[in-house]
Amino acid sequence: MPNKVSLALVGMISLLFMAGSCTSIAFVIGRWRRNEPLVPFVPRDSLDPGGAFSWICRAVARSRGGASEAAIPFGATIHPMGSDIRLGIVAFFFVFLPMILLHLYCQQFVPYEHAAITAIKSDRSSGTFLLWAIATVVWSPIIEEFLFRNLLQGVLEVYERMIVCLSRRWVFGGVPIVISSLTFALMHWNQGAAAAPLFLFALVLGFLYFQTHRLLPSIVAHAML
């Protein structure tokens, strides 16, 4: 009986996630067809990599006695937390269904492995589950989004701006997103079939970060995954 209840619960949750994904995809397609911005773009200073580093760049600029804080278009501005959370939720559901389909396809050729699942299967205690839940839902999204989006992609965007000055054929914003997403996927290569869908997921997170230059939306989407 407990197994039937568990399967029914998993089925209901899966259906809810599928419905949420279809709704988010329809919402994004609707905005695209109406020529509305999918995510409003936040401009930044040319040497500011965004996210947490914006505060450092702001402090350095003020310590040098340069332009006033109001005159520096940094990305680390005060923004309503609720809208960032909603943005992260929509982004997650938008990419969820394509990720699942790609994951199921890749799993036919490469098995899926994850350290958290292996550890929980070997030790089913509540302490082990809680430890891995905190690690995968809290710490990993914060640390990985800071490293791959804020640090890697943000710094690449700074270098890209320098190259743009030399070549107008450069696709602005695209290369940092692809490089950071590919690096993110390769860092999860040991998870087998997860690498390909994680690359797709990282592309969406990269676009989200490029448009907002805030870490909270991508952290929310990553935590939901």
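Residue numbers count from 1 along this sequence.
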(message) Going by ring pair (Phe, Tyr, Trp, His ring centres under 6.0 Å), name the residues that satisfy it together with F207, two or more places apart in sequence or in a different chain.
(response) none
(request) For S126, enumerate each residue passing the side chain to side chain donor-acceptor pair (under 3.5 Å) test, keeping only those at least two apart in sequence or located in another chain. (result) none
(message) Applying side-chain hydrogen bond (donor to acceptor under 3.5 Å, both in side chains) as the test, list every pair that has at least one member in residues 92-101; sequence neighbours left out.
(response) none
(request) Among Ile, Leu, Val, Met, Phe, Trp and Tyr joined by side-chain contacts under 4.5 Å, find the other residues sharing a cluster with V10 and list them by chain and number. (result) none
(request) Linking directly or through intermediates, with side-chain heavy atoms under 4.5 Å: list the remaining ILVMFWY members grouped with L131, chain and number order. (result) none
(request) Each residue besides L15 in its hydrophobic cluster should be listed here, by chain and number; the cluster joins Ile, Leu, Val, Met, Phe, Trp and Tyr at side-chain heavy-atom distances under 4.5 Å. (result) none
Report all side-chain donor-acceptor pairs from residues 190-204 shorter than 3.5 Å, counting only partners two or more places apart or in another chain.
none

(message) Going by side chain to side chain donor-acceptor pair (under 3.5 Å), name the residues that satisfy it together with T128, two or more places apart in sequence or in a different chain.
(response) D123, S125
(message) Under the rule for side chain to side chain donor-acceptor pair (under 3.5 Å), what residues qualify as partners of E144, not counting sequence neighbours?
(response) H188, H222
(message) Test: side-chain hydrogen bond (donor to acceptor under 3.5 Å, both in side chains). Region: residues 16-28. Which pairs qualify, not counting sequence neighbours?
(response) none
(message) Holding to side chain to side chain donor-acceptor pair (under 3.5 Å), I want the full list of residues that pass it with S181, two or more places apart in sequence or in another chain.
(response) none
(request) Mind jotting down which residue pairs meet the ring pair (Phe, Tyr, Trp, His ring centres under 6.0 Å) criterion with at least one end in residues 97-124? Sequence neighbours excluded, please. (result) H103-Y112, Y105-F109
